[in-house]
2 protein chains.
Amino acid sequence: MSENKHSGNLSPEFALLGFLVSGQSHGYDLHQKFTTELGHVWHLSQSQAYAILKRLETRGDISAHIVEQEKLPARQVLRITAQGRKRFFAWLELGIGTNARSIRLEFLTRLFFAQLHRSESIPQIYKSQMDEIESSIGKLETLIEHLPPEQIFNRLSLDLRLQQLRLIQNWMAEIRTQFHISRI
Amino acid sequence: MSENKHSGNLSPEFALLGFLVSGQSHGYDLHQKFTTELGHVWHLSQSQAYAILKRLETRGDISAHIVEQEKLPARQVLRITAQGRKRFFAWLELGIGTNARSIRLEFLTRLFFAQLHRSESIPQIYKSQMDEIESSIGKLETLIEHLPPEQIFNRLSLDLRLQQLRLIQNWMAEIRTQFHISRI
DNA sequence: CCATATATACTCACTCGGTGAGTATATATG
DNA sequence: CATATATACTCACCGAGTGAGTATATATGG
């Protein structure tokens with residue numbers, strides 16, 4: 001009905017996990033990587049990055065061990081666990097957002113990591129996202145149809161969301177050609 | 001740079017305040033009104049509504065007093081204070097979001113309450129929103145221009161945002177004709 | 001006529017999102 | 001020699017959001 005829902009698939013979390021798939025790292029470095037590679041896709045403050053990493057650790061998706069350094073402050077070196085790896089690849093192929101914003105954010109992030117770690121599954125990821133968008137469009141259309149005509153503001157909101165989804169469809173079609181994704 | 005920022009102008013708060021401008025009410029009723037009138041613009045759970053109202057009270061934007069009822073549980077009847085009224089009308093004319101989502105949400109909400117409480121200021125509200133969008137488009141365009149070409153994912157994200165802003169421009173032009181808003 | 005659903009009215013405990021400032025040290029720059 | 005910048009992380013705080021619980025009254029259906 002709305003967008004303010006928690007999806008449970010917030011992906012700055014998975015993005016951090018995704019960087020750790022490439023090998024061990026630490027908070028500062030992960031935040032740097034994130035910002036340069038995806039800084040215009042998501043925003044992630046440093047303290048928020050550390051907060052997410054702490055959560056991932058308590059959940060058992062990553063493990064930490066302290067490495068003392070001669071001169072600079074000690075690092076907490078982080079490694080992804082088997083469980084974390086499993087969760088990450090599950091998200092990569094299943095995690096789908098429903099609204100305009102999360103499609104842009106999550107889809108791009110998934111595409112980024114798919115290219116890095118599993119380029120063979122790009123067509124699959126692309127297709128399931130596209131299917132999801134089409135089904136959302138369908139749902140919105142019927143919702144709008146059945147909306148009482150006096151609800152002008154609700155209607156305006158839904159209208160714009162519908163138009164945004166169609167825009168995203170075209171934007172994704174563009175991506176298909178850019179990434180040479182074959183139809184499946 | 002990103003959208004995840006706190007704007008400080010979160011408007012479910014101001015929407016609740018806006019309903020109280022019409023006269024005193026209580027949590028349950030406000031949530032009902034909100035849901036039927038703006039339920040497809042924003043989503044607001046009942047508990048969240050109460051949480052916001054509590055905050056508004058501690059801030060001094062509304063005042064509460066308990067009214068016992070014969071049979072049903074007691075109500076906390078809420079009234080907007082002079083300060084709250086001031087804050088609300090300031091938001092109505094100044095509160096402007098910068099990204100696609102907040103434009104849709106906040107602009108529609110402002111339009112809704114402007115129609116209810118201050119229809120004469122609609123052209124002003126419309127114009128400042130439109131100006132804001134145009135300036136955002138300008139900023140995005142230069143950002144994209146100066147983005148190093150290897151940053152494909154950042155570029156894709158910014159491209160989509162730009163297209164979304166242009167879409168919103170058209171959607172707003174539609175609204176102008178629907179609401180007979182004169183150019184100023 | 002009794003069970004169940006729905007409406008009224010609100011509370012609580014919890015997790016997550018997000019910021020801003022602070023701490024401490026090392027190296028580079030003018 | 002002072003200052004800025006990079007490294008590396010912590011902390012306190014507030015706001016967003018949910019889900020379930022509490023308590024009572026009326027309407028509805030078999």
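All figures in this text were calculated on a predicted structure; none of them were measured in a lab. All values below come from the heavy atoms of this structure, side chains included, with hydrogens, waters and symmetry mates left out. By convention in this document, chain letters (A, B, ...) are assigned in the order of the sequence lines, proteins followed by strands, and residues within each chain are numbered from 1.
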Output the pairing pattern of DNA chain C as a dot-bracket string, 5' first, Watson-Crick or G-U wobble with both distances under 3.5 Å, | for cross-strand pairs, [ ] for crossing pairs.
||||||||||||||||||||||||||||||
Minimum-distance nucleotide to Q76(A) side chain [options: dT7(D), dG15(D), dT10(D)]
dT10(D)
Picking from dA6(D), dG15(D), dC16(C), the nucleotide nearest the side-chain atoms of R55(B) would be dG15(D)
Phosphate contact ([N] OP1 or OP2) by [X] side-chain N/O below 4.0 Å:
X: Y50(B); N: dT11(C); answer: no
X: H43(A); N: dG17(C); answer: no
X: Y28(A); N: dT7(D); answer: yes
X: R59(A); N: dT15(C); answer: no

Hey, are the side chains of E13(B) and L56(B) touching, using non-hydrogen atoms and a 4.5 Å cut-off?
yes
Atom [atom1] of [X] to atom [atom2] of [N]: distance rounded to whole Å?
X: L56(B); N: dC14(D); atom1: CG; atom2: P; result: 16 Å
X: R75(A); N: dC9(D); atom1: CZ; atom2: P; result: 7 Å
X: H65(B); N: dA9(C); atom1: NE2; atom2: C1'; result: 16 Å
X: Q32(A); N: dA6(D); atom1: CD; atom2: P; result: 9 Å
X: H31(B); N: dA16(D); atom1: NE2; atom2: C1'; result: 14 Å
X: K33(A); N: dT7(D); atom1: NZ; atom2: P; result: 13 Å
X: L78(B); N: dA9(C); atom1: CG; atom2: P; result: 12 Å
X: L30(A); N: dT7(D); atom1: CG; atom2: C1'; result: 14 Å

Which label fits F153(B) and F179(A): parallel for a plane angle under 30°, tilted from 30 to 60°, or perpendicular past 60°?
tilted
Can you list the residues that meet the side chain to side chain contact (heavy atoms under 4.5 Å, CB included) rule with S121(B), with sequence neighbours excluded?
E93(B), R118(B), I125(B)
Applying side chain to side chain contact (heavy atoms under 4.5 Å, CB included), name anything that partners S25(A), two or more places apart in sequence or on another chain.
L20(A), D29(A), L30(A), K33(A)
Below 6.0 angstrom between ring centroids: does that apply to F113(A) and F19(A)?
yes
Can you name the side-chain hydrogen bond (donor to acceptor under 3.5 Å, both in side chains) partners of E37(A), sequence neighbours left out?
none
Suppose we screen for side-chain hydrogen bond (donor to acceptor under 3.5 Å, both in side chains). Which residues come up paired with R85(B), at least two apart in sequence or across chains?
none
Does this structure show an ion pair linking E141(A) with R166(A), if we count only N-O contacts that are shorter than 4.0 Å?
yes
Pairs: protein N or O with nucleotides 20-23 of chain C N or O, under 3.5 Å:
unit_1	atom_1	unit_2	atom_2	d
dG20(C)	O6	S47(A)	OG	2.8

Looking at D61(B), is its backbone amide N or carbonyl O close enough to the side chain of T81(B) to form a donor-acceptor pair, meaning the two atoms are under 3.5 Å apart?
yes
